[in-house]
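These figures come from a predicted structure and were not determined experimentally.
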Amino acid sequence: MKYWLMKSEPDEVGIDHLAASPQAAFPWFGVRNYQARNFMRDQMQVGDLVLFYHSSCEEPGIAGIAKVSSTAYPDATQFDVTSKYYDPKSTQENPRWVHVDVQFVSKTTFLSLSKMKEDPLLSDMLVLKRGNRLSITPVSEIDWQYIAEKIGFSAGA
DNA sequence: GCCAACGTTGGC
DNA sequence: GCCAACGTTGGC
């Protein structure tokens with residue numbers, strides 16, 4: 001069981017979208033970065049927990065918890081010529097981009113990026129590293145436990 | 001809207 | 001395989 005932080009733009013898919021359909025599987029489509037893809041393909045397992053992070057918005061930060069609900073499979077948008085995620089170099093036989101599904105777990109107390117930056121205990125988080133643009137980053141167990149407590153999430157609930 | 005950081009592309 | 005040019009991310 002691993003822990004992750006996944007960035008999403010709330011204008012497109014925010015925590016409220018997931019909360020509105022708590023049983024639904026949301027394909028995490030649109031990742032076009034090899035490192036992020038490899039995390040999904042090689043390391044994510046069903047049941048892994050995710051810090052759901054809002055980016056490119058008025059106040060960036062962690063807005064809730066989701067979980068990985070499928071293993072990786074091909075991203076349909078890479079074959080869709082009308083999609084902005086279309087990739088002409090990808091084929092059905094040899095798809096370049098895969099993704100997992102995620103499912104809603106909980107909304108939490110909002111933990112803003114600025115608060116995260118202020119906290120020396122979180123200074124090792126990859127998402128806070130200078131220049132980091134990865135949309136998916138692993139989160140250590142220590143950091144997970146600390147943040148979970150901070151935002152009022154308990155795993156058993 | 002700006003721009004720093006960084007990934008990708010493509011010519012050579 | 002180098003690296004300049006270009007595109008994208010994402011906080012501010």
Whether [X] contacts [N] is assessed here as follows: a side-chain N or O lying under 4.0 Å from the phosphate OP1 or OP2. Is that the case?
X	N	result
A:Tyr34	B:dC6	no
A:Lys7	C:dT9	no
A:Lys117	C:dC12	yes

Whole Å only: how far is the [atom1] atom of [X] from the [atom2] atom of [N]?
X	N	atom1	atom2	result
A:His54	C:dT9	NE2	C1'	17 Å
A:Asn38	B:dG7	CG	C1'	14 Å
A:Asn132	B:dG7	CG	C1'	12 Å
A:Met6	C:dG10	CE	C1'	17 Å
A:Arg32	C:dT9	CZ	C1'	15 Å
A:Arg133	C:dT8	CZ	P	11 Å
A:Arg37	B:dG7	CZ	P	15 Å
A:Glu9	C:dG10	CD	P	7 Å

Candidates [options] - which lies nearest the side chain of [X]:
X	options	value
A:Ser55	B:dG10, C:dG11, C:dG7	C:dG11
A:Asn33	B:dG7, B:dG10, C:dG10	B:dG7
A:Arg130	C:dT8, B:dG10, B:dA4	B:dA4
A:Arg96	C:dG11, B:dT9, B:dG7	B:dT9

Mind checking if A:Lys129 touches a base, just sugar-phosphate, or nothing, with heavy atoms under 4.0 Å? nothing
Is a donor from one side chain sitting under 3.5 angstrom from an acceptor on the other, for [X] and [Y]?
X	Y	answer
A:Gln145	A:Glu141	yes
A:Asp101	A:Trp28	no
A:Ser112	A:Ser114	yes

In this structure, which one of A:Arg41, A:Arg32, A:Arg96, A:Arg37 forms a salt bridge (Lys or Arg N to Asp or Glu O under 4.0 Å) with A:Asp75? A:Arg32
Check A:Asp16 with A:Lys107, please: is the shortest side-chain N to carboxylate O separation under 4.0 Å? yes
